[in-house]
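For reference, the structure discussed in these notes is given below.
Both ligands and their constituent atoms are indexed starting at 1 by order of listing.
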Amino acid sequence: MLRRTFSVLGGKVLVVAEMHNGNVAPSTLAAVTAGLKVGPVSTLVAGKNAAKTAAALANVKGVECVLVAEGEHYEKGMPEEYAPLIASVVKDGYTHIFAGTSAFGKNVIPRAAAKADAMPITDVTEVKDDATFVRFMYAGNVVCTVKTSDPVKYATIRGTSFERAPTEGGSAEIKEVAATKAGGTSRWIEDAIAATDKPDLQTAVNVIVGGRGLKNAENFKLLNDLAEPLKAAVGATRAVVDAGCCPNEMQIGQTGKTVAPNLYLGCGVSGAIQHVAGMKDSKVIAVINNDADAPFFHVADYGLVEDLFVAVPKLTSMVKK
Ligand SMILES: Cc1cc2nc3c(=O)[nH]c(=O)nc-3n(C[C@H](O)[C@H](O)[C@H](O)COP(=O)(O)OP(=O)(O)OC[C@H]3O[C@@H](n4cnc5c(N)ncnc54)[C@H](O)[C@@H]3O)c2cc1C
């Protein structure tokens, strides 16, 4: 029996790919999986030497075709350059334009949708059919099902809600498409990327998060010491980021990153709804807080009411044994 990996809904999906050093971003792999629910999936990669990174995309299981646009002006993923490119390839009959919910996807998709006079659907967590999508509202407290009548549907896909398509086993055709002219209305000036040797927050299997209970930046060493043997990434609440204790990219929550690791351990975090919105899909949630009434205990699978300055070093020495 011939089994198709997509439903016969007649969609034709284009996933706008995000690449990191030649590797396909995890959120793009999730967008491929979401795309396969509505039809065959092509991906689009653009940039300087894009043909090189196209090979990685061609290996992604389920991708039928990789469109490649060469041009230095696409290099930094600027929406002003990507939107006209997307508009030029949509004409080939694509019905769905997806990208991962990342800074890149959130930047590019609404602009491309506006150019097409369509309503972008953001941070999709479930694909019901080719026109019906599920997304959260009000910091994850309301599940909203939206149906769109736009002829071409533009959406960003939440990376933690879909399995990542395997990066091996695909054999997509690679097709060059004509680059659009550089718009030149915006210019990339510089990157300021925090150097870290720790696992990436959004792909780590274990995540340890520090909140205001840690009191200052130096005390994050306690979490780093525990993170090392657990091979965990370290995140933070907005309160801690706003206090200047941690860089922005460590923030988890409604206005930060969404994570869904196997283990989330919150230390000195109260569990405000805006924080929970970014981590509630974690498989196991453990919380250390010295206030038994902290709302986080209602969300946690395991909770320890104790001073974190006592509990965390104890835990570290137990894990190291
Ligand atoms: C529009 C909007 C968007 C927001 N987006 C986000 C977001 O993306 N991410 C986010 O995190 N927040 C976000 N917030 C902020 C959010 O509402 C909370 O203010 C924030 O999450 C609180 O952070 P916290 O848990 O570190 O601090 P607190 O709420 O102050 O909690 C600290 C906790 O530490 C405990 N504690 C203190 N000392 C110890 C100790 N020695 N041992 C153990 N426990 C201790 C306390 O009992 C307390 O429960 C947003 C707010 C708004 C309005």
Side-chain angles (χ1 to χ4, degrees), residues 27 100-107 122-123 125 135-142 144 156 158-161 194 200-204 206-227 230 232-261 263-282 285-319:
S27 61
T101 305
S102 61
F104 168 76
K106 289 194 283 188
N107 212 0
T122 56
D123 210 12
T125 57
R135 60 186 300 278
F136 292 136
M137 288 167 61
Y138 304 122
N141 287 299
V142 172
C144 171
T156 56
R158 183 178 283 206
T160 52
S161 298
D200 173 61
L201 199 52
Q202 282 178 292
T203 53
N206 301 318
V207 169
I208 303 177
V209 173
R212 194 142 43 187
L214 272 160
K215 305 208 177 351
N216 58 43
E218 289 70 49
N219 288 337
F220 265 80
K221 183 177 179 320
L222 288 180
L223 302 194
N224 291 334
D225 289 349
L226 177 58
L230 287 176
V234 177
T237 63
R238 176 158 153 181
V240 165
V241 171
D242 285 353
C245 296
C246 294
N248 242 319
E249 54 267 31
M250 280 174 71
Q251 185 184 318
I252 291 171
Q254 185 190 345
T255 42
K257 289 180 173 159
T258 303
V259 299
L263 171 69
Y264 168 104
L265 171 63
C267 306
V269 178
S270 61
I273 50 166
Q274 296 90 351
H275 182 75
V276 174
M279 49 61 67
K280 68 179 169 46
D281 291 331
S282 306
I285 299 170
V287 171
I288 301 172
N289 196 310
N290 61 3
D291 174 9
D293 292 327
F296 222 0
F297 286 117
H298 296 294
V299 180
D301 299 296
Y302 299 96
L304 178 64
V305 182
E306 198 172 346
D307 187 330
L308 73 89
F309 294 100
V310 177
V312 174
K314 239 197 271 178
L315 199 56
T316 306
S317 64
M318 284 164 74
V319 169

Side-chain donor/acceptor of Arg135 to backbone N/O of Thr122, under 3.5 Å: yes

Point-to-point distance, once rounded to the nearest 0.5 Å, from CD1 of Ile208 to CG of Leu223: 6.5 Å

For ligand 1, the residues whose heavy atoms come within less than 4.0 Å (ordered by chain, then number): Gly211, Arg212, Gly213, Lys215, Thr237, Arg238, Ala239, Gln251, Ile252, Gly253, Gln254, Thr255, Gly256, Gly268, Val269, Ser270, Ala272, Gln274, His275, Asn289, Asn290, Asp291, Glu306, Asp307, Leu308, Phe309

Residue pairs involving residues 206-227 (criterion salt bridge (charged side-chain N to carboxylate O under 4.0 Å, His left out); sequence neighbours excluded): Lys221-Asp225

Pair listing, salt bridge (charged side-chain N to carboxylate O under 4.0 Å, His left out) test, anchored in residues 285-304, at least two apart: none

side-chain contact (heavy atoms from CB on, under 4.5 Å) partners of Val299, counting only residues at least two apart: Val276, Ile285, Phe296

Exercise: do Arg238 and Thr255 side chains pair donor with acceptor under 3.5 Å: yes

